[in-house]
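Reading through the structure tokens given below for one structure.
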Amino acid sequence: MENSGLVVHGQSAPFSTALRSLVNNPWHSDICFVVGQERQEVFAHRCLLACRCNFFQRLLGPGVPSPVVLSTVPAEAFLAVLEFLYTNSVKLHRHSVLEVLTAAVEYGLEELGELCLEFVVKVLDVELVCEALQVAVSFGLGALQERCITFIEAHSQEVLRTRGFLELSATALLPVLRSDKLCVDETELIQAARSWARVGAAVLDQPVAEVAAPVVRELRLALLAPAELSALEEQNRREPFIPVWTPVEQIVEAWKCHALQRGDAARSAPCRRRRGTLPRDHHRFLDFRFK
């Protein structure tokens with residue numbers, strides 16, 4: 001009868017503890033990283049990183065000298081990556097989990113990425129959601145993007161007042177402005193979008209209207225009452241925000257909706273009521289229903 005073997009397991013806790021003690025430990029280390037803007041030295045072991053992660057296997061090939069500079073990943077996030085690679089577990093923190101998630105995506109560590117996503121969903125709040133949305137859009141994390149949009153829809157007014165909202169890219173802001181379920185009136189949304197464009201203009205040294213151009217088409221000007229639309233038009237003359245050089249001018253479209261008293265006159269411009277849209281007299285003429 002052929003001999004058969006049996007795999008038996010010792011205690012995992014002491015093994016994990018021993019490996020955790022090697023994280024950023026110069027003892028028998030054969031590679032050093034210089035990490036983040038703070039240029040912190042982090043010590044590691046080539047063979048362990050290479051066998052656990054294809055990214056490091058390619059990075060730490062034969063002849064690669066030490067130290068290796070990784071300036072884009074913060075030290076705290078990089079240490080969390082190492083902790084996971086050494087122990088297959090990681091302690092995550094709200095203030096740094098998105099940086100760990102970003103590193104996990106960049107290094108192709110799917111399991112670590114999933115752990116980060118689960119943690120983000122648990123700690124998602126008004127201050128974190130826009131930063132999480134930006135990461136989701138940047139890396140094509142559809143499930144996280146959907147979760148962030150749902151959160152923003154439920155806490156629209158609070159989110160619009162955060163610094164994170166002002167720092168969104170145009171690509172990340174677009175799905176927010178396209179939502180029918182935002183709990184905010186259009187006047188507040190227009191003002192928030194203007195503030196966003198002002199910040200972007202200051203950072204990029206570009207005109208406000210140029211920064212705003214990719215997103216303002218999603219603002220639903222036809223929802224505004226005539227007096228509100230007149231005030232917006234006057235403000236737009238003083239500080240251009242809604243572009244007027246487009247083939248079909250957005251403010252003109254909104255006025256056409258009022259003049260003809262039917263929503264289909266402005267089909268090329270969004271005029272569906274959102275969840276938080278305050279009622280105005282002319283809304284009874286709009287053909288589009290809230291979804």
Side-chain angles (χ1 to χ4, degrees), residues 98 126-139 145 148-258 266 268-278 280:
L98 292 174
V126 167
E127 295 298 330
L128 186 65
V129 66
C130 286
E131 187 180 352
L133 175 61
Q134 186 63 62
V135 170
V137 170
S138 298
F139 293 103
Q145 177 176 331
C148 290
I149 295 296
T150 299
F151 185 96
I152 293 171
E153 289 169 341
H155 305 85
S156 306
Q157 291 185 335
E158 299 95 323
V159 172
L160 295 183
R161 293 193 290 266
T162 65
R163 176 179 176 181
F165 175 82
L166 298 176
E167 295 177 347
L168 285 173
S169 68
T171 305
L173 181 56
L174 278 172
V176 176
L177 297 183
R178 287 172 179 157
S179 172
D180 292 339
K181 298 179 181 179
L182 294 176
C183 292
V184 63
D185 186 63
E186 209 65 21
T187 55
E188 295 177 76
L189 195 58
I190 291 169
Q191 183 55 47
R194 186 187 293 274
S195 298
W196 170 86
R198 285 170 175 162
V199 170
V203 172
L204 300 173
D205 194 23
Q206 296 176 356
V208 170
E210 186 175 328
V211 173
V215 303
V216 291
R217 293 296 300 177
E218 304 303 327
L219 297 174
R220 305 178 183 185
L221 306 189
L223 297 177
L224 301 181
E228 295 170 320
L229 191 55
S230 293
L232 175 64
E233 193 169 24
E234 177 58 32
Q235 185 178 12
N236 204 56
R237 292 192 188 98
R238 298 193 307 269
E239 180 191 26
F241 169 57
I242 309 291
V244 296
W245 59 83
T246 53
V248 181
E249 207 272 298
Q250 197 171 351
I251 296 178
V252 172
E253 285 184 284
W255 278 121
K256 188 184 295 185
C257 177
H258 283 283
S268 60
C271 58
R272 289 186 303 275
R273 284 170 285 179
R274 305 182 196 268
R275 180 175 292 167
T277 300
L278 297 176
R280 280 115 169 141

Whether [X] side chain and [Y] backbone form a donor-acceptor pair below 3.5 Å:
| X | Y | answer |
| --- | --- | --- |
| Gln250 | Val216 | yes |
| Glu218 | Val215 | no |
| Arg280 | Leu224 | no |

Which pair of heavy atoms, one from [X] and one from [Y], lies closest together, and at what distance?
| X | Y | result |
| --- | --- | --- |
| Thr162 | Cys130 | OG1-SG, 4.2 Å |
| His258 | Leu229 | CD2-CD2, 4.0 Å |
| Phe165 | Ala192 | CE2-O, 3.5 Å |
| Ala225 | Glu228 | N-OE1, 2.8 Å |
| Ala197 | Val208 | CB-CG1, 3.8 Å |
| Ala212 | Trp196 | CA-CZ3, 4.2 Å |

Is there side-chain contact between [X] and [Y], with at least one heavy-atom pair below 4.5 Å?
| X | Y | value |
| --- | --- | --- |
| Arg163 | Val199 | no |
| Leu174 | Val137 | no |
| Glu239 | Arg198 | yes |
| Leu221 | Trp255 | no |
| Val176 | Val159 | no |

Exercise for review: Among Ile242, Leu219, Leu232, find the residue that satisfies the side chain to side chain contact (heavy atoms under 4.5 Å, CB included) test when tested with Arg194.
Suggested key: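 That would be Leu232; it is the only one of Ile242, Leu219, Leu232 passing the side chain to side chain contact (heavy atoms under 4.5 Å, CB included) with Arg194.
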Exercise for review: Look at the rings of Phe151 and His155 and say which category their plane angle falls in: under 30° parallel, 30 to 60° tilted, over 60° perpendicular.
Suggested key: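 Rings of Phe151 and His155: parallel, under 30°.
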Review point. Do Thr277 and Glu186 meet the criterion of a side-chain donor-acceptor pair at a distance under 3.5 Å?
Key: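 Glu186 and Thr277 do not have a side-chain donor-acceptor pair below 3.5 Å.
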Review point. With sequence neighbours left out, what residues match Ser179 under side chain to side chain contact (heavy atoms under 4.5 Å, CB included)?
Key: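 Listed in chain order: Glu153, Lys181, Leu182.
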When rounded to the nearest 0.5 angstrom, what is the spacing between [atom1] in [X] and [atom2] in [Y]?
| X | Y | atom1 | atom2 | answer |
| --- | --- | --- | --- | --- |
| Leu168 | Ile152 | CG | CD1 | 7.0 Å |
| Ile190 | Arg220 | CD1 | CZ | 11.5 Å |
| Arg274 | Leu189 | CZ | CG | 5.0 Å |
| Ser195 | Arg161 | OG | CZ | 12.0 Å |
| Glu127 | Glu158 | CD | CD | 10.5 Å |
| Cys183 | Gln157 | SG | CD | 8.5 Å |

Review point. Would you call Arg237 and Glu234 a salt bridge, using N to O less than 4.0 angstrom?
Key: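 Yes, this pair counts.
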